[in-house]
Amino acid sequence: MDCLFCKIVAGDIPAKVLYEDDQVMAFHDIAPQAPVHFLVIPKKHIATLHDLSEADDKQLAGHILFTAQRLAQEQGCEEGFRVAMNCNALGGQTVYHIHMHVLGKRQMTWPPG
Ligand code: 5GP
Ligand code: ZN
């Protein structure tokens, strides 16, 4: 297995885990870009957003989003926060296992760089 986030799911690489269940895992980003910065990932390997299947993964996609919402609230981001998913190199993706970034507790700007 050659995927960094699959190794985190398997417990082979440590992470500061915020939440996990049978479908998803959330952990703090190793290089936080805001006072709150964590990632929500599916446990199953999906390389990019292009590979997310409307037929197979609709429930999973919703579960990722609502996990991000709940954890953002638990992390004290009631005032506001940013979610982002980067797709492929042009979208700024560096780890090819999909993940939802959740950033909070600082002022966000638009557009992102
Ligand atoms: P991307 O650029 O693909 O959207 O985001 C990948 C994110 O994964 C980056 O924010 C990066 O800091 C984070 N990251 C990379 N390697 C590790 C790691 O080993 N552990 C954790 N917790 N985060 C990582
Ligand atoms: Zn993976």
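Every number for a ligand or one of its atoms is a count from 1 in the order of the listing.
Looking at ligand 1, you won't find any N or O of L4 less than 3.5 Å from one of its N or O atoms. Between I8 and ligand 1, not a single N/O pair is under 3.5 Å apart. Residue Q93 has no N or O atom closer than 3.5 Å to an N or O atom of ligand 1.
V95 and F27 end up in the same hydrophobic cluster when Ile, Leu, Val, Met, Phe, Trp and Tyr side chains are linked at under 4.5 Å.
For the 3.5 Å distance criterion, the side chains of H37 and H101 qualify, holding a donor opposite an acceptor. For the residue pair H63/D21, the side-chain donor-acceptor check at 3.5 Å is satisfied.
At least one side-chain heavy atom of I13 sits less than 4.5 Å from a side-chain heavy atom of L4. Contact check for I98 versus F5: no side-chain heavy atoms found under the 4.5 Å cut-off.
With a 6.0 Å cutoff to the six-membered ring centre and a 45° limit on the axis angle, R106 does not count as a cation-pi contact of F81.
The backbone and the side chain of I30 each have at least one atom closer than 4.0 Å to an atom of ligand 1 (non-hydrogen atoms only). If you look at I13 next to ligand 1, there are no close heavy atoms at all, none under 4.0 Å.
Judged by the shortest distance from any of its heavy atoms, H101 lies inside the 4.0 Å radius around the atoms of ligand 1. Not a single heavy atom of A15 lies less than 4.0 angstrom from ligand 1. At least one heavy atom of F5 sits less than 4.0 Å from an atom of ligand 1. Distances from ligand 1 to the non-hydrogen atoms of H99 include at least one value under 4.0 Å.
Take the N/O/S atoms of H45: the one nearest the Zn ion (ligand 2) is ND1.
Heavy-atom contacts of L39 reach the following atoms of ligand 1: 8 (O) (cutoff under 4.0 Å). Taking every non-hydrogen atom of A31 and a distance limit under 4.0 Å, the qualifying atoms of ligand 1 come out as 12 (O).
The main-chain N or O of C77 is never found under 3.5 Å from a side-chain atom of Q75 such that the two would form a donor-acceptor pair.
In this structure, Q59 places its CD atom where more than 12 heavy-atom neighbours from other residues, nucleotides or ligands lie under 6.0 Å away.
For atom 10 (O) of ligand 1, the closest non-hydrogen atom on the protein side is D29 OD2, 2.5 Å. From the protein, the heavy atom lying nearest to atom 22 (N) of ligand 1 is H28 O, 2.9 Å. Closest to atom 2 (O) of ligand 1 among all protein heavy atoms lies T94 OG1, 2.8 Å.
Geometry about the Zn ion (ligand 2) gives an angle of 110° between ND1 of H97 and SG of C3, rounded in steps of 10 degrees.
Residues D57 and K44 are paired through a salt bridge, judged by an N-O separation under 4.0 Å between the basic side chain and the carboxylate. Using a 4.0 Å cut-off between charged side-chain N and carboxylate O, K105 and E79 make no salt bridge.
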